[in-house]
Novice: 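Handing you a structure now.
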Amino acid sequence: MPVTTIARPGLAPSRPLWKRPATWITVVVVAVAALTVAGVRLQPRHWNSCHAFSRAYLHVWPRGGDCVGVTDGGTPIDAAFGAELGGRFGALLEAIHAENERVEAGRVDTPGSATDCTSTAGSFVDVASLAPWRSGLAGGRAFHQLAGMYVAQWQANHLRQPGGCVPFIRLLVADPGEDMNGWSEVVDELSTYDRLVAVVGLALSRTQMIEAARTLNGRGIPVVADLVTADGFDRSNFAGVPAVCHPPQSTTGSLSMFYRIAYPNQRYFDQLGGYLRSVGLLGRGRAVQVTQDGYAQDQFACTNVEHVNGLLDPAPDPITFELSSDGNDPTGQILTKVAPICTDPAVRTAFYTARAVDLANFILALDRACPRGITIAAGTDTTRLLTPEVSHALEMQRRAALQVLRTGNVKVFFPATTSAAQLAGTPGFDNFKSAFTGAFAGTPHADLFPFSDAELADTWAVNAHDAMFMTAGAVHALDTNKQAYEPGHVASNLSSFEIRDAAQGTLRFDRNGTRVGTPVVLRLCSDGVAPSTQPAIAGLPTPCPGDRR
């Protein structure tokens with residue numbers, strides 16, 4: 001008997017889903033949406049104008065004509081970055097990448113040790129080094145900063161310093177861009193890494209770096225800053241800082257799990273001012289101040305200015321000039337601004353509180369304006385003169401300034417975290433030296449990484465090393481204390497102990513997360529080519545070998 005199909009009253013015969021137009025329209029819409037989302041996600045992260053392909057979870061992407069992102073060393077931020085300083089940045093990234101691969105594979109040896117540090121693959125955590133590596137305000141010192149961090153990573157993984165070698169540490173390099181304005185995207189990227197337990201670096205007390213630290217802390221990730229010195233850039237969250245120097249209000253959070261290896265500007269200038277006063281270079285009408293236009297927008301320069309105002313009697317408005325930039329060469333402007341300084345015979349000292357990108361220009365201008373001689377008192381950024389510049393034009397200015405300093409007609413004093421003379425022969429510095437040698441001994445370009453006074457002179461290497469060294473101690477304590485490998489436990493460990501044998505000796509933090517201790521005052525010397533420093537002792541003159549007067 002044939003089968004009879006009876007249609008339901010008022011309805012068309014039922015049709016399979018795959019024959020319905022609405023089904024295909026829905027499929028096409030969903031497919032297009034999925035491809036669009038995938039394209040958006042993949043383009044800036046995986047296939048882009050900065051690099052053809054990046055590893056999963058390690059990404060470099062284009063932003064406003066620049067490249068920003070996070071790498072384990074296998075992917076340079078951009079080609080120019082790797083080629084800087086005669087290829088030294090690129091070779092350093094290769095060394096970091098090789099160490100990270102050993103960590104991931106669990107094949108980390110311990111040279112010359114009877115204790116086997118080898119662990120199973122996967123027993124590691126990530127520490128990210130976030131800094132404006134290519135900023136014009138950092139210059140060539142950024143190379144020393146990253147080298148110091150790598151040495152501390154190698155020291156932790158291979159030499160069990162400090163406090164063991166498990167978990168191993170993978171070092172990631174995060175770059176917010178030349179202008180630092182990619183910080184938010186880079187922090188977002190870092191926040192997705194499950195193994196990330198801390199961030200080190202920052203380097204500059206700029207608003208972008210302050211916001212990056214605030215955001216990371218708000219997401220539960222501790223930050224150990226290596227070189228930032230602006231007053232209030234700590235867990236006090238700028239309390240007590242003059243209102244003019246407060247950074248913009250932020251919705252990203254406050255600094256709560258924040259630590260810094262450097263001292264605040266107030267402590268530096270108190271020390272510098274005390275020395276100058278003890279040798280008759282600071283008193284009523286004896287000093288003036290020169291700084292950058294718009295200094296209130298730069299936390300470093302602003303707090304420098306405020307402290308020098310407290311040292312001057314009286315405290316006139318500072319002389320200002322436009323800081324160097326891609327579109328501005330202030331050489332002529334600086335010469336015009338400083339020419340009147342030495343017309344007043346009472347003036348013995350000129351404070352320079354701007355970023356040191358123009359300090360060489362300032363020295364050259366004062367040498368012309370002050371034939372009877374002058375003393376420059378500058379901030380911690382003076383270390384820029386101790387390191388070759390990436391920019392050829394700036395390097396020529398630096399070399400010319402070193403020629404001027406050779407005679408002693410212009411003398412430069414500045415505060416620093418420590419001096420080479422203090423460190424020589426100490427256990428922590430000897431450990432640092434051994435680790436430095438070991439970290440680069442097996443690299444393909446070991447000749448690019450000499451351990452010398454010139455390489456260490458600007459202090460960026462030892463400061464960055466100690467920031468990473470402190471972090472490594474807190475990481476190793478996780479295993480010792482049977483704590484979960486989580487950022488909160490790393491922060492707790494950082495707050496609760498001191499490290500005795502860092503490159504700069506014993507380190508610990510006060511309640512605001514700032515290093516405890518006293519800075520030193522140094523005089524910058526030069527033989528006309530190579531710079532050096534001499535510690536300044538209160539009440540005594542500080543001669544340089546080439547002084548003529």
Side-chain angles (χ1 to χ4, degrees), residues 41 45-46 54-61 68-75 77 93 95-108 117-131 146 149-150 152-158 160 162-176 183 185-202 212-213 215-225 257-259 464 467-494:
R41 289 180 60 85
R45 295 291 199 258
H46 293 85
S54 297
R55 298 177 54 192
Y57 307 114
L58 297 169
H59 308 301
V60 176
W61 63 92
V68 300
V70 182
T71 178
D72 65 349
T75 301
I77 302 302
L93 288 173
I96 292 171
H97 183 233
E99 176 65 10
N100 286 337
E101 286 192 318
R102 288 189 287 268
V103 167
E104 291 172 18
R107 295 193 301 270
V108 182
C117 260
T118 303
S119 178
T120 57
S123 182
F124 68 88
V125 298
D126 288 336
V127 174
S129 54
L130 170 63
L146 186 56
M149 292 178 183
Y150 162 64
Q153 177 205 17
W154 191 93
Q155 189 174 359
N157 289 339
H158 295 262
R160 306 175 61 83
C165 58
V166 178
F168 293 136
I169 296 173
R170 187 172 68 156
L171 178 61
L172 307 181
V173 182
D175 192 323
W183 69 265
E185 297 167 37
V186 172
V187 167
D188 285 346
E189 179 74 17
L190 288 172
S191 300
T192 66
Y193 297 171
D194 294 337
R195 294 179 185 264
L196 184 71
V197 295
V199 170
V200 296
L202 302 188
T215 304
L216 287 162
N217 277 192
R219 296 177 185 178
I221 301 169
V223 176
V224 182
M257 295 186 291
F258 186 82
Y259 315 83
M468 186 69 181
F469 191 78
M470 287 286 285
T471 304
V475 166
H476 288 161
L478 297 174
D479 187 69
T480 302
N481 299 338
K482 308 304 179 186
Q483 298 166 302
Y485 295 176
E486 296 174 357
H489 294 308
V490 172
S492 176
N493 294 339
L494 283 166

Novice: Do Val197 and Val127 have side-chain heavy atoms sitting under 4.5 Å apart?
Specialist: yes
Novice: Go through the structure and list residues passing side chain to side chain donor-acceptor pair (under 3.5 Å) with Asp126, not counting sequence neighbours.
Specialist: Arg170
Novice: Using distance alone, with no hydrogens and no angle criterion, decide if Trp61 and Glu189 have a side-chain donor and acceptor under 3.5 Å apart.
Specialist: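 No donor-acceptor contact under 3.5 Å links the two side chains.
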Novice: Show me, pair by pair, the donor-acceptor contacts under 3.5 angstrom made by side chains of residues 472-481, not counting sequence neighbours?
Specialist:
| from | atom 1 | to | atom 2 | distance (Å) |
| --- | --- | --- | --- | --- |
| His476 | ND1 | Pro162 | O | 2.8 |
| His476 | ND1 | Gly164 | O | 2.8 |
| His476 | NE2 | Gly164 | O | 3.2 |
| Thr480 | OG1 | His476 | O | 3.4 |
| Asn481 | ND2 | Ala477 | O | 3.3 |
| Asn481 | ND2 | Gln483 | OE1 | 3.4 |

Novice: Does Asn100 reach the side chain of Gln153, with side-chain heavy atoms less than 4.5 Å apart?
Specialist: yes
Novice: What distance do Ile169 atom CD1 and Trp154 atom CH2 have between them, rounded to the nearest 0.5 Å?
Specialist: 14.0 Å
Novice: Any chance you could measure Glu104, atom CD, to His97, atom NE2, to the nearest 0.5 Å?
Specialist: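 Here the rounded value is 7.0 Å.
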Novice: Is there a donor-acceptor pair under 3.5 Å between the side chain of Thr71 and the backbone N or O of His59?
Specialist: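 The answer is no, because no donor-acceptor pair under 3.5 Å joins these two groups.
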Novice: Tyr150: which residues meet the side chain to side chain donor-acceptor pair (under 3.5 Å) condition with it, sequence neighbours left out?
Specialist: none
Novice: Is the side chain of Thr471 donor-acceptor paired with the backbone N or O of Ala467 at a distance under 3.5 Å, no angle test?
Specialist: yes
Novice: Report the C-alpha distance between Leu146 and Leu93 in whole Å, list the side-chain angles of each, state the deciding distance to 0.1 Å, and finish with yes or no for side chain to side chain contact (heavy atoms under 4.5 Å, CB included).
Specialist: CA-CA 9 Å; Leu146 186 56; Leu93 288 173; 4.3 Å; yes
Novice: Measure the shortest side-chain to side-chain distance between Ile221 and Leu190 over non-hydrogen atoms and say whether it is less than 4.5 angstrom.
Specialist: no
Novice: Can you find a heavy atom in the side chain of Pro176 that is under 4.5 Å from one in the side chain of Val68?
Specialist: no
Novice: Verify, without hydrogens or angle tests, whether Tyr259 (side chain) and Ala491 (backbone) share a donor-acceptor contact under 3.5 angstrom.
Specialist: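 Yes, the answer is positive, given that a donor and an acceptor are paired below the 3.5 Å cut-off.
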Novice: Which atom names give the shortest non-hydrogen contact between Gln155 and Phe469, and what distance separates them?
Specialist: NE2-CE1, 3.5 Å
Novice: Less than 4.5 Å apart, any side-chain heavy atom of His158 and any of Glu99?
Specialist: yes
Novice: Any chance you could lay out the side chain to side chain contact (heavy atoms under 4.5 Å, CB included) test for Val490 and Val125, step after step, and finish with the verdict?
Specialist: CA-CA 11 Å; Val490 172; Val125 298; over 6 Å; no
Novice: Looking at Met149 and Ser129, what are the two nearest heavy atoms and their distance?
Specialist: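 Looking at all heavy atoms of both residues, the closest pair is SD-CB, 3.2 Å.
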Novice: Would a 4.5 Å heavy-atom cut-off, applied to side chains only, mark Val187 and Leu216 as touching?
Specialist: yes
Novice: Heavy-atom distance under 4.5 Å between the side chains of Val223 and Asn217, does that happen here?
Specialist: yes
Novice: Looking at every non-hydrogen atom in both residues, tell me the closest pair between Arg102 and Val108 and how far apart they are.
Specialist: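 Looking at all heavy atoms of both residues, the shortest contact is O-CG2, 3.8 Å.
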Novice: Which heavy atom of Arg219 sits nearest to which heavy atom of Ser191, and what is that distance?
Specialist: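 Minimum heavy-atom contact is NH1-OG, 2.9 Å.
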Novice: Measuring only between side-chain heavy atoms, which start at C-beta, is Tyr485 closer than 4.5 Å to Arg195?
Specialist: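 The answer is no; the side chains never approach within 4.5 Å.
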